[in-house]
Participant: 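The structure is given below, and queries will be raised subsequently.
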Amino acid sequence: MAKIKKSIYFCQNCGHEESKWLGQCPMCKEWNTFVEEKVSTPAAGVSRGSSVAKKKSQIVTLSSVSTTDEERTKTGIKELDRVLGGGIVQGSLVLVGGDPGIGKSTLLLQVCQKLAARQKKVLYISGEESLKQIKLRANRMGEFADSLFLLCETNLAAIQSVIEKETPDVVVIDSIQTMYNEEVSSAPGSVSQVRESTNVLMQLAKGLNISTFIVGHVTKEGTVAGPRVLEHMVDTVLYFEGDRHASYRILRGVKNRFGSTNEIGVFEMRREGLCEVENPSEFMLSGKPENAAGSVVACAMEGTRPMLMEIQALICRSNFGMPRRTAAGLDYNRVNLLMAVLEKRMGLPLSNYDAYVNIAGGIRMNEPAADLGIVMAIASSYKNKPIAEDTIVFGEVGLSGEVRAVSMPEQRVAEAKKLGFKTCIVPSVTLKSIGKVDGIEVIGVSSVNQAMNYI
């Protein structure tokens, strides 16, 4: 069949096509997202769908469709099962993204190890590493069963034939940016290649009922490289977060058709691989200084899991006309807003002071429940008065200085009690829902002024 090559411009954000380059995408309104791709189209007079077999489609009524619980396969890693919604759904397509060196390949190789030990047929396809490199990494993790098969290949046609012949239970593709489809003339990793390769893998996963994991590279902005439509095609999108130089890792579900997107999994990187952190709160609070001004423990909810973490603040007089503000792990604008509330409602002259606010351990917290902890840490550092070691705080702070309610206060108080805290400062409007809790004193505050009495 004769083909004609021409240039098409794709939007990397939404996948919209244009015949010429545009500064702004007319569909998603994003700027500078168009990239040029060389595509092959059939010559004139040749029907594009002439060789495609026609399938007869049938319509059914909604009431005639039978529903059953999705059959899930446990991975043997509880933290991953929690993020997936209880395990791997058969025939699902899961995309795993994250920074280089964060542990994507390590985690999936550990999943292969657990599944192979239970006599599941697993096929690990690598386009980036050789068989010897995979073996060296596997030696650090321990023994592997013989039901794990390796394939180093980037040609999607060859991969498709192997999958159709072997019909494994689980397939791992590492990574989608290295795969190429011979029918697409552009280079591997381009918009067209990533989209078409993912489409082929999706048809294999759904048609043969094979659970498939895809590793995706990320851009400097932290999103999966390639067209945004890639995330729409897959069933589940997981992101690895955390500093590659730190020991902990967080696996967060961004999209999940078979479960919640609010759950997270916490791992610690060790020599033998990624180890689960069953109690993240205790892990985050390890090494907390005693009787240090500007240090307070706050509580955030990640899905159904409460996480306690230490908020640190350092307030010192500025030597320049423009005071410096730094926020690590918190929203910079939110910290500035809360400092303005302290200056207006409490009369603290913070406009002449440098402020450095940090969450110990490098974790990020964007929940409004951290507001009261930020405010009390800043005030504690300014007054140079430490907050009691056995005290935990949470609550949202408004512009009028009021302390507003947050979700699931009962679980937060229960987690604080489990870790040995004796006092919990909460919004007063949540006292009724919390009730009386033995072993911990729950104090309600309605404004920032009342909270300052406990510093």
Participant: State whether Arg140 and Glu272 are salt-bridged, where the test is any N-O pair (Lys NZ or Arg NE/NH1/NH2 against Asp/Glu carboxylate O) under 4.0 Å.
Facilitator: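 Salt bridge: no.
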Participant: What heavy-atom pair brings Asn256 and Phe258 nearest, and what distance separates the two atoms?
Facilitator: OD1-N, 3.0 Å
Participant: Between Phe240 and Arg249, is there a cation-pi geometry (under 6.0 Å to ring centre, at most 45° from the normal)?
Facilitator: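 No; the conditions do not both hold, so Arg249 does not lie above the ring face of Phe240.
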Participant: Quick one, Val448 and Leu342 - any side-chain contact, counting heavy atoms below 4.5 Å?
Facilitator: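 Of all side-chain heavy-atom pairs linking Leu342 with Val448, at least one is under 4.5 Å.
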Participant: Hey, does the side chain of Arg82 reach the backbone of Ile77 with a donor-acceptor pair shorter than 3.5 angstrom?
Facilitator: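 Not confirmed, Arg82 side chain does not pair with Ile77 backbone.
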Participant: Treating Arg72 as the side-chain partner and Asp81 as the backbone partner, does any N or O pair qualify as donor plus acceptor under 3.5 Å?
Facilitator: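 Absent.
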Participant: Mind checking whether Thr73 and Arg118 have side chains closer than 4.5 Å, heavy atoms only?
Facilitator: yes
Participant: Scan side-chain atoms only and decide if Glu128 and His217 contain a donor-acceptor pair under the 3.5 Å cut-off.
Facilitator: yes
Participant: Counting only heavy atoms not in Lys206, do more than 12 fall under 6.0 Å of its NZ?
Facilitator: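 Enclosed: over 12 neighbouring heavy atoms sit under 6.0 Å from NZ of Lys206.
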Participant: Measuring only between side-chain heavy atoms, which start at C-beta, is Val191 closer than 4.5 Å to Val194?
Facilitator: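 Val191 does not reach Val194 side chain to side chain.
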Participant: Please evaluate residues Thr198 and Val234 with respect to the criterion side-chain contact (heavy atoms from CB on, under 4.5 Å), reporting the C-alpha separation (whole Å), side-chain torsions for both, the decisive distance (0.1 Å), and the verdict.
Facilitator: CA-CA 8 Å; Thr198 306; Val234 301; 4.3 Å; yes
Participant: Does Gln113 use its side chain to pair, donor to acceptor, with the backbone of Met141 at less than 3.5 Å?
Facilitator: yes
Participant: With Ser295 as reference, evaluate Gln312, Glu290, Glu389, Glu310 under the side-chain hydrogen bond (donor to acceptor under 3.5 Å, both in side chains) test and give the passing residue.
Facilitator: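 Between Ser295 and the candidates, side-chain hydrogen bond (donor to acceptor under 3.5 Å, both in side chains) is satisfied uniquely by Glu310.
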Participant: Whether the Asp174 and Ser105 side chains hold a donor-acceptor pair (N or O, under 3.5 Å, no angle test) is what I'd like checked.
Facilitator: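 Result is yes, a qualifying pair exists.
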Participant: Could you verify whether a donor N or O on one side chain and an acceptor N or O on the other, from Asp235 and Ser92, lie under 3.5 Å apart?
Facilitator: no
Participant: Under 6.0 Å from the NZ atom of Lys114, do we count more than 12 heavy atoms belonging to anything else shown?
Facilitator: no
Participant: Could you grab the distance from atom CD1 of Ile378 to atom OH of Tyr356, nearest 0.5 Å is fine?
Facilitator: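 Output value for this atom pair is 13.5 Å.
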Participant: Please check this pair: side chain of Ser433 against backbone of Thr430, looking for a donor-acceptor N/O pair closer than 3.5 Å.
Facilitator: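 Side chain of Ser433 to backbone of Thr430, a donor-acceptor pair under 3.5 Å: yes, one is there.
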Participant: Whether the side chain of Lys417 engages the backbone of Ile440 through a donor-acceptor N/O pair (distance < 3.5 Å, no angle test) should be reported.
Facilitator: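 Flag not set: sc Lys417 to bb Ile440 has no pair under 3.5 Å.
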Participant: Would you say the side-chain atoms of Gln110 pair up with the backbone N or O of Leu274, donor to acceptor, closer than 3.5 Å?
Facilitator: yes
Participant: Can you tell me how far apart OG1 (Thr423) and CD1 (Ile392) are? Round to the nearest 0.5 Å.
Facilitator: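 Rounded to the nearest 0.5 Å, the OG1-CD1 separation comes to 11.0 Å.
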Participant: Does a donor on one side chain sit under 3.5 Å from an acceptor on the other, for Glu415 and Ser281?
Facilitator: yes
Participant: Kindly indicate whether the side chain of Ser380, heavy atoms from C-beta on, has any atom under 4.5 Å from the side chain of Met376.
Facilitator: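 A side-chain contact under 4.5 Å is absent here.
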Participant: Where do Ile311 and Gly373 come nearest, in terms of heavy atoms and distance?
Facilitator: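 Reported closest heavy-atom pair: CD1-C, 4.1 Å.
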Participant: Measure from the side-chain N and O atoms of Arg334 to the backbone N and O of Asn366, and report whether any donor-acceptor pair falls under 3.5 Å.
Facilitator: no
Participant: Got a donor-acceptor contact below 3.5 angstrom from the Glu276 side chain to the Glu79 backbone?
Facilitator: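 Checked: pair present.
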Participant: With a cut-off of 6.0 Å (strictly less than), are more than 12 heavy atoms of other residues, nucleotides or ligands near CZ of Arg404?
Facilitator: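 Incorrect, the count does not exceed 12.
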Participant: Do Cys112 and Val172 come within less than 4.5 Å of each other through their side chains, counting heavy atoms only?
Facilitator: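 Result yes, sub-4.5 Å side-chain heavy-atom pair found.
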Participant: What distance separates Lys135 NZ from Gln133 CD, expressed to the nearest 0.5 Å?
Facilitator: 14.5 Å
Participant: Does Glu282 have more than 12 heavy atoms from other residues, nucleotides or ligands lying within 6.0 Å of its CD?
Facilitator: no
Participant: Can you check whether Phe213 reaches Val170 side chain to side chain, under 4.5 Å on heavy atoms?
Facilitator: yes
Participant: Could you check whether any side-chain heavy atom of Met452 comes within less than 4.5 Å of a side-chain heavy atom of Met346, counting everything from C-beta outward?
Facilitator: yes
Participant: Taking Thr178 for its side chain and Ser175 for its backbone only, find out whether a donor-acceptor pair lies under 3.5 Å.
Facilitator: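 Such a contact is found between Thr178 side chain and Ser175 backbone.
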Participant: Would you compute the distance between atom CG of Leu148 and atom CG of Leu115 and round it to the nearest 0.5 angstrom?
Facilitator: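 If I round to the nearest 0.5 Å, the distance is 9.5 Å.
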Participant: Could you report the tightest heavy-atom contact between Val335 and Ala327, atom names first, then the distance?
Facilitator: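 It is CG2-CB, 3.9 Å.
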Participant: So how far is it from Phe394 CZ to Ser407 OG, rounded to the nearest 0.5 Å?
Facilitator: 9.5 Å
Participant: For a quick check under 3.5 Å, do Gln450 and Ser446 share a side-chain donor-acceptor pair by atom type?
Facilitator: yes
Participant: Kindly determine whether Gln203 and Leu201 satisfy side-chain contact (heavy atoms from CB on, under 4.5 Å), including the steps that lead there.
Facilitator: CA-CA 5 Å; Gln203 293 176 358; Leu201 294 172; over 6 Å; no
Participant: Could you measure the distance from the CD atom of Glu396 to the CG atom of Leu338? Nearest 0.5 Å is fine.
Facilitator: 9.5 Å
Participant: Which heavy-atom pair separates Leu251 from Val83 by the least distance, and what is that distance?
Facilitator: O-CG2, 3.6 Å
Participant: Might you work through the side chain to side chain donor-acceptor pair (under 3.5 Å) test for Arg317 and Tyr353, ending with a clear yes or no?
Facilitator: CA-CA 4 Å; Arg317 185 175 292 277; Tyr353 287 80; 2.8 Å; yes
Participant: Taking the ring of Tyr248 and the ring of Phe267, is the distance between their centroids below 6.0 Å?
Facilitator: no
Participant: Within a 6.0 Å radius of atom CG on Leu431, are there more than 12 heavy atoms belonging to other residues, nucleotides or ligands?
Facilitator: yes
Participant: Just wondering, do Pro349 and Tyr382 contact through their side chains at under 4.5 Å, heavy atoms?
Facilitator: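 Tyr382 vs Pro349: side chains touch.
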Participant: Evaluate the side-chain contact (heavy atoms from CB on, under 4.5 Å) criterion for residues Leu93 and Met233: first the C-alpha distance (whole Å), next the side-chain angles of each, then the deciding distance (0.1 Å), finally the verdict.
Facilitator: CA-CA 9 Å; Leu93 191 62; Met233 295 170 66; 5.7 Å; no
Participant: Between the side chain of Lys74 and the main-chain N/O of Gly86, is any donor-acceptor distance below 3.5 Å?
Facilitator: yes
Participant: Tell me if the CZ atom of Arg324 is crowded by more than 12 foreign heavy atoms within 6.0 Å.
Facilitator: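 Counting other residues, nucleotides and ligands, CZ of Arg324 stays at 12 neighbours or fewer.
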Participant: If every non-hydrogen atom of Ser126 is compared with every non-hydrogen atom of Ile134, which pair is closest and at what distance?
Facilitator: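 Heavy atoms of Ser126 and Ile134 come nearest at CB-CD1, 3.7 Å.
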Participant: Is a donor from one side chain sitting under 3.5 angstrom from an acceptor on the other, for Asn209 and Gln90?
Facilitator: yes
Participant: Check the pair Val297, Thr391 against side-chain contact (heavy atoms from CB on, under 4.5 Å), reporting the backbone distance first and the verdict last.
Facilitator: CA-CA 7 Å; Val297 178; Thr391 300; over 6 Å; no
Participant: Using a strict 4.0 Å threshold on nitrogen-to-oxygen distance, state whether Arg252 and Glu302 make a salt bridge.
Facilitator: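 Answer for the salt bridge query: yes.
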Participant: Should the pair Lys104-Glu241 be classified as a salt bridge under the 4.0 Å nitrogen-to-oxygen rule?
Facilitator: no
Participant: Decide, yes or no, whether a salt bridge links Arg412 with Glu410 under the criterion of side-chain N to carboxylate O below 4.0 Å.
Facilitator: no
Participant: Looking only at heavy atoms, which two atoms of Gly395 and Val406 are closest? And how far apart?
Facilitator: CA-CG1, 3.9 Å
